[in-house]
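Heads up: the structure comes next, in structure tokens.
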Amino acid sequence: MSKPIVATTSLAGCFGCHMSLLDIDERILELFQLVEFNKSPIDDIKTFTKQCDIGLIEGGCCNSENIHVLKDFRKNCKIIVSVGECAIMGGLPALRNGIPVKECLAEAYLDGPTVGNNTEGILPNNEELPMILDRVYPCHEVVKVDYHLPGCPPRADLIWEALVALVTGNELKLPYEVVKFD
Amino acid sequence: MRTTVKTIIEKYNNDKTRLMDILMDIQNNFGFISDKFVEVIARETGLSIVDVEQTLTFYHFFSKKPVGEYAVYLNNSVVANMKGRAAVAKAFEEELGCKFGNLCDDGKIGLYNTACIGMSDQEPAAIINDTVFTSLTPLKVKGIVQQMREGKKVTEMIDVIGDGNNSSPLINSMVFNNIRKEGPVLFSEYEVGAAVKKVTEMTPNEVVDEVKSSYLRGRGGAGFPTGLKWEFCRKSEGPRYIHCNADEGEPGTFKERVILTELPKLLFEGMAIAAYALDAKEGIIYLRGEYKYLKNYLEAVLEEMKTANLLGENICGKKGFDFEIRIQFGAGAYVCGEESALIESAEGKRGEPRNRPPFPVQKGYLGMPTVVNNVETICTVVKIINNGADWFSMMGSHESTGTKLISVSGDCDFPGVYAIEWGMRIRDLLEIAGTEDVLAVQIGGPSGVCIGSKEFKRTISFEDIPTGGAITIIGKDRDIIKDVVVNYMDFFIDESCGSCVPCRAITVLMRNKLQKIIDGNGVMNDLDDLVDWGAKMKIANRCGLGQTAANPILTTLENFREKYEALIDKDSDYNTGFDLEKAVADSCAYVDRVPNL
């Protein structure tokens with residue numbers, strides 16, 4: 001049997017979840033025995049080269065680029081997993097959700113205390129740039145998400161166990177401490 | 001200005017438990033309650049600024065910003081919409097050139113939406129500076145706006161005078177009673193004061209026993225046995241209080257308005273009887289702010305009752321039988337109809353329901369044992385005392401004795417108040433209300449149940465379908481999801497006190513899910529989610545509001561599931577409804593860029 005293929009990406013996240021994945025330490029060698037990586041920052045493959053089994057998504061969606069990548073993942077992966085708070089609920093980037101996007105842009109580019117050099121009041125609008133969404137969306141509000149791995153970031157052990165469970169078909173145990181945050 | 005605020009506060013002896021009255025007087029005097037006023041109130045009453053603020057911001061009719069010389073509160077309930085509210089609202093907006101939720105005409109006139117104002121039998125209706133305007137039409141709106149611009153007094157703007165006591169000089173209102181069926185209990189002839197005279201010859205325990213043996217149950221909705229409530233209260237050491245719940249905020253209910261208009265003496269006498277049974281010296285009528293147009297009239301009746309020695313000191317010559325009633329006005333908060341929230345509000349606080357136990361009969365108003373009874377319940381007691389418990393319990397059904405006032409409104413020829421015997425079939429009520437082609441009947445307001453024709457054989461009773469009194473008839477041409485359920489969910493979202501997270505958050509999530517379905521993005525799984533979340537609402541909220549806030553969706557899903565399924569694409573198993581074009585529209589417009597999707 002060929003090895004399951006895993007893809008990963010970070011959307012509106014901080015790469016912390018990917019760092020947490022690296023925190024599995026030497027087990028990363030074991031992981032490479034178990035699975036093959038495709039599109040992912042881990043092996044620096046930029047585009048999907050084949051259909052994958054598992055897509056791990058870090059971060060929610062704050063711009064059009066995130067949407068395209070997420071939809072691309074949904075198309076190319078059998079199973080999509082939202083990894084971490086931002087993918088599941090929007091996380092820190094979603095702090096802007098109560099504020100109209102116009103006000104956010106004005107604060108970032110025109111009125112904020114650190115925009116001194118933008119004397120001409122330029123707002124980024126080059127068509128090469130991703131378009132900003134009206135709010136930050138959790139992944140499951142854009143595409144169907146099969147599993148959610150909670151945490152900020154999810155502990156390395158949890159990511160490891162979840163991956164092993166998915167690959168081996170065993171049940172994943174989510175201890176209370178892992179899903180309770182307050 | 002400050003001196004006036006101080007005078008108002010002094011009028012209430014700088015008493016922090018009278019904060020509702022203080023805020024209301026300031027609101028009425030100045031049209032708003034500024035930060036400066038809040039500071040003065042805090043200083044003079046010994047409250048902290050946030051204490052004052054949290055009460056102030058809780059109630060719909062208090063405002064930190066000016067609401068206008070004329071503040072128009074137009075009802076946006078389901079029935080108001082059925083009766084043409086949209087055209088009336090449009091007329092207001094067009095005449096004034098501004099939208100609801102804003103001040104128009106240089107701050108002279110404010111337009112605001114408000115929840116049901118208890119006029120469902122004469123909608124569309126609005127309250128302008130405490131005066132009620134009923135059966136509005138776009139044409140009438142033109143006239144009203146013109147008169148407001150001329151600076152006319154609102155009381156001089158009404159063009160019709162209602163029936164019964166509505167036409168008395170102290171009320172002088174457009175409101176009609178619409179009593180369609182009088183029934184043998186509340187509206188029957190009686191001698192004012194006879195019952196209270198009779199109880200002075202009994203012991204308090206005998207009075208409690210008489211009420212107990214009538215099997216009278218609370219008329220507000222929950223149906224707790226009244227005599228038992230009194231007995232529990234007597235077990236706690238006093239001073240005890242009797243509160244009358246006249247908050248009727250359940251959309252579609254208006255029967256208490258009619259009692260207060262036509263039978264206030266019956267109510268006050270009932271409270272005196274309760275006071276005698278409980279050995280209470282003080283009583284409060286908690287009256288919804290929407291009924292402030294009855295204030296002068298009710299106060300005059302209270303005086304009259306005192307003069308007749310039916311209230312005050314040594315009532316009916318019985319030494320030591322002293323009882324005073326104070327009217328406490330609410331300020332537009334549905335949740336204050338919940339008894340512990342009502343008590344909180346009467347103490348000058350936010351109307352947040354308390355945790356129970358302790359129950360109000362143990363620790364209620366000011367921490368003292370308090371009985372909270374509905375207006376209709378208290379009035380019924382008088383008739384029970386007069387005619388005997390046996391007379392009363394012969395009527396109705398086994399678990400629901402006596403009669404019940406029902407407020408009927410919606411798609412029918414004869415909206416109004418019906419006194420029916422418990423156990424009446426819904427079908428029979430629909431017939432006398434003059435209906436044809438009924439799609440659904442909402443029983444007990446938004447927190448009740450919505451049933452279809454298959455269930456019309458069922459009865460109005462505690463054994464079958466209980467109700468606090470609201471029956472809203474929904475005709476065949478209505479879209480039950482868009483016209484009814486959405487409005488009810490918005491109502492609960494607005495009226496949740498926010499204390500319990502499920503009530504605050506799941507109501508919004510369910511409303512969003514409903515919108516997703518209406519927008520054509522629903523999948524079958526969404527219906528399962530709604531049922532699942534609704535079930536959690538029942539177990540995870542503190543008070544009746546939260547526990548029933550999912551009912552508009554749950555009961556229509558149960559009885560009209562096909563209406564939901566018709567909106568759903570059954571081939572799709574997942575649809576988030578995400579629309580990229582819509583999501584980037586705002587930011588692209590702001591940075592001046594054509595979206596490249």
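So you know, we letter chains A, B, ... as the sequences are listed, proteins then strands, and number each from 1. These numbers come from the heavy atoms of this one structure, side chains and all, not from hydrogens, waters or symmetry mates. All figures in this text were calculated on a predicted structure; none of them were measured in a lab.
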Exercise for the section: Among B:Cys588, B:Ala585, B:Ser587, single out the residue with the greatest number of heavy-atom pairs under 4.5 Å to chain A. Expected result: B:Ser587
Could you look at [X] and say if it's the side chain, the backbone, both or neither that has a heavy atom under 4.5 Å from chain B?
X        : value
A:Ile132 : both
A:His140 : both
A:Glu127 : both
A:Tyr109 : neither
A:Val101 : side chain
A:Leu129 : both

Practice task
Using non-hydrogen atoms and a 4.5 Å limit, figure out which bit of B:Tyr590 sits close to chain A: side chain, backbone, both or neither.
Solution key: both
Exercise for the section: Against chain A, label B:Asp573 side chain, backbone, both or neither, depending on which of its atoms sit under 4.5 Å from a heavy atom there. Expected result: side chain
Exercise for the section: Please determine, among A:Asn125, A:Leu133, A:Val143, the option with the most heavy-atom pairs under 4.5 Å with chain B. Expected result: A:Asn125
Practice task
For side-chain contact (heavy atoms from CB on, under 4.5 Å), just list the numbers for A:Asn63 and B:Val584, CA-CA rounded to whole Å, side-chain angles, deciding distance to a tenth of an Å, and then say yes or no.
Solution key: CA-CA 8 Å; A:Asn63 62 31; B:Val584 299; over 6 Å; no
Fill in the blank from the handout: Closest heavy-atom pair, B:Leu580 versus A:His68, reported as atoms and distance to 0.1 Å, is CD2-CE1, 4.0 Å
Fill in the blank from the handout: Heavy atoms of A:Met131 and B:Pro595 approach each other most closely as SD-CA, 3.6 Å
Look at atom [atom1] of [X] and say whether more than 12 heavy atoms of other residues, nucleotides or ligands are closer to it than 6.0 Å.
X        : atom1 : result
A:Lys46  : NZ    : no
B:Leu509 : CG    : yes
A:Glu171 : CD    : no
B:Asp592 : CG    : no
A:Asp25  : CG    : yes
B:Asp106 : CG    : no
B:Met524 : CE    : yes

Exercise for the section: Begin from the C-alpha positions of B:Arg593 and A:Leu123 and carry the test side-chain contact (heavy atoms from CB on, under 4.5 Å) through to its verdict. Expected result: CA-CA 10 Å; B:Arg593 133 178 212 191; A:Leu123 288 162; over 6 Å; no
Exercise for the section: Look up atom CG in B:Asp586 and atom CD in A:Glu103, then write down how far apart they are to the nearest 0.5 Å. Expected result: 11.0 Å
Problem - Euclidean distance, A:Lys71 NZ relative to B:Phe578 CZ, rounded to 0.5 Å - result: 6.5 Å
